[in-house]
Every structure is written in structure tokens, then in C-alpha cells.
Colleague: 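Pasting a structure here, questions to come.
Note that the structure is a prediction, hence the values are computed from the model and not measured.
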Amino acid sequence: MNKHFNLLFLATENLLRHRTKTIVVCLCIVAILTPFITAIAISEGVREKSLISVNAGADLYLTFDEFGRNAAVPLKYLDEIKKIFGVTKVTPRIIGRGFLQNKLAVIVGLNKEDIPESISCISGRMFENANEVVVGHELARHFHLNIGDQFSMRCQQRKTFTVVGFFSSDSSIWGSSLIFMSFRDAGELFGKQDVSTDIQIYSLPGHNSEIATDLYDILQNEPYRLQDKHMIGLYVKKGFMLKEGVFSALYLVAFALGVPAILVAAGFGLSERKKEIGIMKATGWQTLEVLELISFEQLLISLMGATIAILLSILWVKGFRGVFIAQFFIAEITMLPKFPLPARFLPLPCLLSFFLAFLMTMVGSVYSSWRASTVSPVVSMK
Amino acid sequence: MEGINGVTGSVDEIMIRTENLCKSYRQHSQYEVRAIYDISVNISKSSFMVFNGPSGSGKTTLLNIIGTLDRPTAGKVFMYGEEITSFSDIALARLRREKIGFIFQDFHLIPRLTSWENVAYPLIPLGAGFTERFERAKFLLEKMGLGDRLEHAPEELSGGQQQRVAIARALINNPEIIIADEPTSNIDDETSAHVRQFLGELNARGVTILVATHDTLFEKIADVTFKMKNGRIV
Ligand SMILES: Nc1ncnc2c1ncn2[C@@H]1O[C@H](COP(=O)(O)OP(=O)(O)OP(=O)(O)O)[C@@H](O)[C@H]1O
Ligand SMILES: [Mg+2]
């Protein structure tokens, strides 16, 4: 026991003694791990937020099906759906995209009485009359919009909207480039009357399958699609896996460049080390003891590098709002988002990154140390 | 002291015996250098043996093989009748730890450690605590006249001082054998005299001493002097 403690202590001293090398290796680890940890934290945070909003949302989503894609639902079925037993609320929505000058905005149209209570982070007021809109803060900032300003969208120049409120910056990220208006205005903007992009159905718990059967009776001659909360949740998750995939591909390139840097840094000063190992062996150290010492050194340096990387990631997300990295995960934002990013630092990715660092430094040092300590001491002392 | 071919003392006293030791280095596949050739010596316990000979005659090579730092190309080394040339690396390292202390021609101190840390380094894997290591190193360094140089790094010491640090390190495990390769070649006459005297005292206390040297003054205190030439004992 004392022996292992001695070796651990000596490993710490060695890291301090070879300060330059320690710093260089540490920097390499930090450079490789920080983007990785940051990306995972943001991705986890956004995923969590989206799943929360899915859970707080409707129980069933009804759309029509055209060529296998979601298509608009005629409003004429609305009353019949409302009457189904177990249905508590039915909300038609229009969700679309359109350009405001050169910027793509997400347009959401809802009837005034269907606006969820959770939308409260607003400066100004909610729309009440025709052609009044509430605008996301990202858009408002970009076009310097103030309350009372008027604008029109590219797809429907004749319709003029008046800004009556903004989503403030601490609202959810989805609000950043949103234009929120009445269902009627949205229908007019897109030139579609009496249809909605989807119908959200809220139900009493446990009634979804009966509701589905009744819906079938109502809509049996139409190509429709009914999805429940669980499926929407799966789509959200899948979407994030795709985004993570794109990031991972980019990251892999950086990683491929970073690993040789670590190897070089870890191997740096090796000839001095080789001689040292030769002397140790000549004075009675066992190969296993030498390797234990080297492994302790790598363990400590990885622990240090990973800790610094995690702290830097937290700073990156909280202090710098994930600049340069957040746009991989949140399509609607620019390089530097103007709102706090949702982020979650889970223990598993942190642990994983520590193991990654340990693996890399071990690869860089253990083989050469093992070689140095298994040849005869005369050779390694040269 | 009966010299020729190095058979000294009676058989039961023999500590180390070599049998037809050969070591050759092969360079560029055809050209072969024979560093030592067909060396058989008996070394009695508590004897003082000196290997003398011109540069390149194979002294270092022979001592390294006897001291288990290197393996011979052919031949055997026995210690207390056991063939150590067939030992595993682990067993050899244990043997060095328990029985052998080395003093190298060019000191081989670890540059970034202080003198006392260098001396105490072999104790680390033995699990000795800080105080014990420091006290033992201090004791030996004081004996070597370096009581005021405990915290100095090797590059802050003169050659003679470094050599004395190296000697203190060789003694830290109370070895039965000290193998010294040119212990006086890099230091002045006065310090050399000290080193010779010190090795003589150790020998008087029963430590077996093997020295490779050009220094003819060692012959006076040696039990046996082997003359080496071209890898052979002559
Ligand atoms: N690693 C090696 N590769 C090739 N030849 C070597 C090697 N080590 C030693 N030799 C050769 O072996 C011979 C004996 O060398 P050794 O170092 O044993 O001599 P030495 O008697 O200790 O000399 P010195 O008094 O100069 O220290 C020399 O000819 C040397 O060139
Ligand atoms: Mg030599």
C-alpha cells in the first residue's frame, strides 16, 4: 500500500518537475475535449427542453398525408373531432416558414383563445386584432423592430403586420426567430383558408385508442396521419441524433488532428525519460513499478486536463453562450446567440472524456516506457 | 593472493562464478565486435576484485553482465551456485534491489532530482516513507562528506561530488556486492584517494567489491587484479 502511495506521490512530483511537458499535454487534452464536452452538454440541454415542451403539449397530433409527408387538415372536421368522447380540447395551428427580407422566420398562427399559458415571456402585449404580431427577439434585434413598427413578408407583400410585442430573451430558444400571429392572419399570409397545418388534440388520460377509433370513423375516406406524444418525442430525439452525427463527423476530423499532437507532446522528452527508466531499472525497480508510476502520471494529467476542459465548457456555455458551436444544434440562431443556452453537463460524458484523455496519454507514453523498461538497463541508460 | 585466471579462495566461499562468458555486438549484419570472449572467473565473497586494462578491452561489458544489467551472448553467470543468466527480468531486478549496488562511469544521476532524492530513489518502490528515505539518504551523504549538499541538483555539483552521490545511492540498499565502473576516472586525486579508502572500508566490512579501472593505485588494496585485453583476461 505504502508503495503505491509513494508512486502516486512521485508521479505528482514528476508532473511538477517536467512542468513544460505537463502544460503542453494538458493543453492538447483541453483543446480536444472542450468542444466535445460543450457540444454534448448543449445537445443534451436542448433535447431535454424539447422533450419537456413535447410532454407539456397535446396528446395527439392530426395531419393529412400527401406523398408520405404531413399535409394540411381541412377545418371542416374540427367540430366533429371536438365531440369525440375523451377529447378535452382541439387546437388548429398553422406553422410555416417565410422570409422577412433576407431572414427566414418561423410563422406560427393560433386562435387567440388557444394561446398556451406558458407563453408569458413577452414585452408589449399579445396580439388581439387582425394583423398584429408578436416577434422573436432575434428577429427584432436584427431588424431593429420597435412596438408599433410595421412590416410585410416577402410571400405576401400586400399584407402589413404591426408589431405589438416581443418574446423576451429569456424565453425559450424556439422564440428567437418566431413571428406569432392569429390563425386567421397566418391563413391569409400563406393564402390557405379553412385548413391548418395540424390539429392538436388534448385528451383525458387513457382515451387515446378510443379517440383514434372514432377518428377513423370520421376520416376513413381521407389520407390522414395520427401521431401521439410518444412518437413526436421519438422524432425529436432522432433529430438530435442527426445533428449530433453531423457534429461528430466534424469533430472526428479535429480529433484526428489532435491525437498526434498529444502523442508528440506525451513523447516529448522521452530520451531523458528513457535514461531515467534505465537508471531506475539498474537500481532495482521492477518493470511493473516503472509502468505504475508512468500510468499514475497519465492518470493525474488526464484528470487535470479533463477537469479544466469541463470548467472551460461550462464557461463557454454560460459565459459565452456556446459561440461557434451552438448553431450546430439550434438551427434558428446565429453564431453568437443572445440568450442563455440550455445545457446539461451529465456525469457520463464527463467521465467518458476523462477516459478518452487517459487513453490518449497512455497510448502516447506507455508503449515507449514499456520498451524502455524491458530492454536491458544498459541499453536504455545509453 | 593467488591471481592467474582469477581462481581465489576455496570453492565454498565462491559468490559469483562466470563460465565462458562471451558478448558480441553485431553491426550491419556482417561485422561482429567481440566485446568479451570466453571469460571464466571465480569471485569469492567479501573479496576486492579489480579489472584493469586499456580502453575498449571489455571491462564495462563484463561488469554489466556480472551485475545483471546486460545479458551475455553465450556463457553463464552463477551466484551462490544458482545460474542467474537464466533468471527472468523480474527476478534479476529483485536481485539488483537486494544484493547489488552500482557506481557508474558517468554517474548516471537523475538530473531533475536533488542529491538526497537521487540517493533515496531506489527506496521508493520498497514503500519506505518520506522521513525514512530522507534520513537514510542524509546519513549516507553525510558519510560521503556531502551533508551540506542534500538539496542540490546534480548539475550544481562538481564531478567528484556527483560521484559521491552515486556511491551513496549504491549503498542505500545495503548491498552485498558493489560494482564500480571507473569510480575515479572523472575526479581529482584527492577525492580518488577518498573513494579508494571508502571502498576499502566497505570491503573490510564484508562487502564484495568489483572495480573496473585504469587507476593502478587500486591494485594495492585489491585482493586480485585481472588484466584484460581485447575482451580476454590475460
Ligand atoms: N553497444 C555496443 N555496440 C557495439 N559495440 C560495443 C557496444 N558496447 C561496447 N562495444 C564494444 O565492445 C568493446 C568493449 O567495450 P567496453 O565498454 O566494455 O570497454 P571498456 O574496457 O569498458 O573501455 P573503457 O575503459 O574505455 O571504458 C569495445 O570495443 C566497444 O567498442
Ligand atoms: Mg568502460
Colleague: Does Arg34(B) make a cation-pi contact with Tyr37(B), if we ask for NZ or CZ under 6.0 Å from the ring centre and within 45° of the axis?
Modeller: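 Positive - Arg34(B) is close enough to the ring of Tyr37(B) and near enough to its axis.
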Colleague: Among residues two or more places apart or on two chains, list those pairs meeting salt bridge (charged side-chain N to carboxylate O under 4.0 Å, His left out) that have a residue in residues 70-81 of chain B.
Modeller: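 Qualifying pairs, neighbours excluded: Lys23(B)-Asp70(B), Arg71(B)-Asp89(B).
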Colleague: Among residues 145-171 of chain B, which ones touch chain A with a heavy-atom distance under 4.5 Å?
Modeller: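 So the qualifying residues are Arg169(B).
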Colleague: If only side-chain N and O atoms count, and only distance matters, is there a donor-acceptor pair under 3.5 Å linking Glu292(A) with Ser295(A)?
Modeller: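 On atom types as modelled, these side chains do not qualify, holding no pair under 3.5 Å.
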Colleague: Heavy-atom count check: over 12 atoms from other residues, nucleotides or ligands less than 6.0 Å from Leu346(A) CG?
Modeller: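 Atom CG in Leu346(A) is packed in, count exceeds 12.
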Colleague: Among pairs that include at least one residue of residues 350-378 of chain A, which meet ring-ring contact (aromatic ring centres under 6.0 Å, His included), considering only residues two or more places apart or in two chains?
Modeller: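 The answer is none; no pair qualifies.
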Colleague: Are Trp116(B) and Phe130(B) near enough that their ring centres are under 6.0 Å apart?
Modeller: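 Under 6.0 Å, so yes.
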Colleague: Can you measure from CG (Asp181(B)) to CG (Asn64(B)) and round to the nearest 0.5 angstrom?
Modeller: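 Result: 6.5 Å between the selected atoms.
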Colleague: Among Asp106(B), Ile110(B), Ile100(B), Asn173(B), who wins on heavy-atom pairs under 4.5 Å with chain A?
Modeller: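 Looking at each of Asp106(B), Ile110(B), Ile100(B), Asn173(B) in turn, Ile110(B) comes out on top.
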Colleague: Is Pro111(B) close to chain A through its backbone or its side chain, or both, or neither, when contacts mean heavy atoms under 4.5 Å?
Modeller: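 Contact with chain A: side chain only.
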Colleague: Crowded around Phe5(A) CZ? As in, over 12 foreign heavy atoms under 6.0 Å?
Modeller: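 Open: at most 12 neighbouring heavy atoms sit under 6.0 Å from CZ of Phe5(A).
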Colleague: Does NZ or CZ of Arg17(B) lie under 6.0 Å from the centre of the six-membered ring of Phe78(B), at an angle within 45° of the ring axis?
Modeller: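 Arg17(B) over Phe78(B) ring: yes.
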Colleague: At under 4.5 Å between heavy atoms, what parts of residues 90-98 of chain B are in contact with chain A? List them by residue number.
Modeller: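 Within residues 90-98 of chain B, near chain A: Ile90(B), Ala93(B), Arg94(B), Arg96(B), Arg97(B).
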Colleague: Strictly distance-based, threshold 3.5 Å: is any side-chain N or O of Arg136(B) a donor or acceptor partner for the main-chain N or O of Arg133(B)?
Modeller: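 Looks like no, no N/O pair under 3.5 Å.
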Colleague: Strictly by modelled atom types, are Ser365(A) and Gln298(A) linked by a side-chain donor-acceptor pair under 3.5 Å?
Modeller: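 Looking only at side-chain atoms, Gln298(A) and Ser365(A) do form a donor-acceptor pair, the distance falling under 3.5 Å.
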Colleague: Against chain A, label Tyr121(B) side chain, backbone, both or neither, depending on which of its atoms sit under 4.5 Å from a heavy atom there.
Modeller: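 For Tyr121(B), the contact with chain A is made by backbone and side chain together.
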Colleague: Would you mind checking which part of Glu289(A) comes under 4.5 Å of any heavy atom in chain B, side chain (CB onward), backbone (N, CA, C, O), both or neither?
Modeller: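 Contact with chain B is through the side chain of Glu289(A) alone.
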Colleague: Are any of the side-chain heavy atoms of Ile124(B) and Trp285(A) separated by less than 4.5 Å?
Modeller: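 Result yes, sub-4.5 Å side-chain heavy-atom pair found.
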Colleague: Heavy-atom pairs under 4.5 Å with chain B - which of Val375(A), Asn2(A), Thr374(A) has more of them than the others?
Modeller: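 Max contact count across the listed options: Asn2(A).
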Colleague: Among Leu123(B), Leu113(B), Thr60(B), Thr68(B), who wins on heavy-atom pairs under 4.5 Å with chain A?
Modeller: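 Answer, by heavy-atom pair count under 4.5 Å with chain A: Leu113(B).
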